[in-house]
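Report on the structure given below.
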Amino acid sequence: METALRRAYEAMSEPRRVAALGDCAVGCGFLLRSDEVVGPVEDVLPVDVRIPGCPPAPEVIARHLLPLLGPDA
């Protein structure tokens, strides 16, 4: 998945924004000891916002993502 994630990121147009959404993306959660997990998303890509939770509530996601859209959002 690391290769696919990097390819998807490189295919995105600028400005790129990355959100680590959920405990597994932020800190690996219960998947931490899996052989397939290299670490949190920020070990692979630059992360703009970290949204904890398992799963994060919709209002928490909105509260973290709306500032990325700028003052006109």
Side-chain angles (χ1 to χ4, degrees):
M1 288 300 291
E2 180 181 356
T3 301
L5 186 59
R6 287 183 191 275
R7 285 183 185 162
Y9 179 77
E10 291 301 322
M12 293 170 55
S13 61
E14 295 283 348
R16 297 177 180 132
R17 300 287 184 249
V18 176
L21 183 61
D23 289 344
C24 290
V26 172
C28 299
F30 68 91
L31 298 174
L32 181 60
R33 290 174 177 61
S34 171
D35 292 337
E36 302 301 319
V37 175
V38 297
V41 172
E42 65 187 344
D43 285 357
V44 179
L45 299 176
V47 173
D48 297 294
V49 63
R50 292 152 197 82
I51 306 173
C54 187
E59 60 272 13
V60 174
I61 296 170
R63 184 173 60 239
H64 283 82
L65 292 182
L66 286 176
L68 292 179
L69 299 176
D72 297 329

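Throughout, numbering of the chain's residues begins at 1 and tracks the sequence. In this text the structure is predicted, and so the values were computed from the model without any measurement.
The closest side-chain heavy-atom distance from Pro56 to Ile51 is below 4.5 Å. Here the side chains of Leu68 and Asp48 are in contact, with some heavy-atom distance below 4.5 Å.
Closest heavy-atom contact between Ala62 and Pro67: O-CD, 4.4 Å. Taking each heavy atom of Val26 and Ala20 in turn, the nearest pair found is CG2-O, 3.6 Å. Of all heavy-atom pairs between Pro46 and Val18, the closest is O-CB, 3.3 Å.
The same ILVMFWY cluster, assembled from side-chain heavy atoms under 4.5 Å apart, contains both Leu45 and Met12. With hydrophobic clusters built from ILVMFWY side chains whose heavy atoms lie under 4.5 angstrom apart, Tyr9 shares a cluster with Leu5. A continuous path of Ile, Leu, Val, Met, Phe, Trp and Tyr side chains, each step under 4.5 Å between heavy atoms, connects Val49 with Ile61, placing both in one hydrophobic cluster.
Separation of atoms CG (Leu21) and CZ (Arg50) is listed at 13.0 Å; rounding is to 0.5 Å.
Counting only residues at least two apart or on different chains, the side chain to side chain donor-acceptor pair (under 3.5 Å) pairs with a member in residues 12-25 are Glu14-Arg16.
The existence of a salt bridge linking Arg63 and Glu59 is excluded, since no basic side-chain nitrogen approaches an acidic carboxylate oxygen closer than 4.0 Å.
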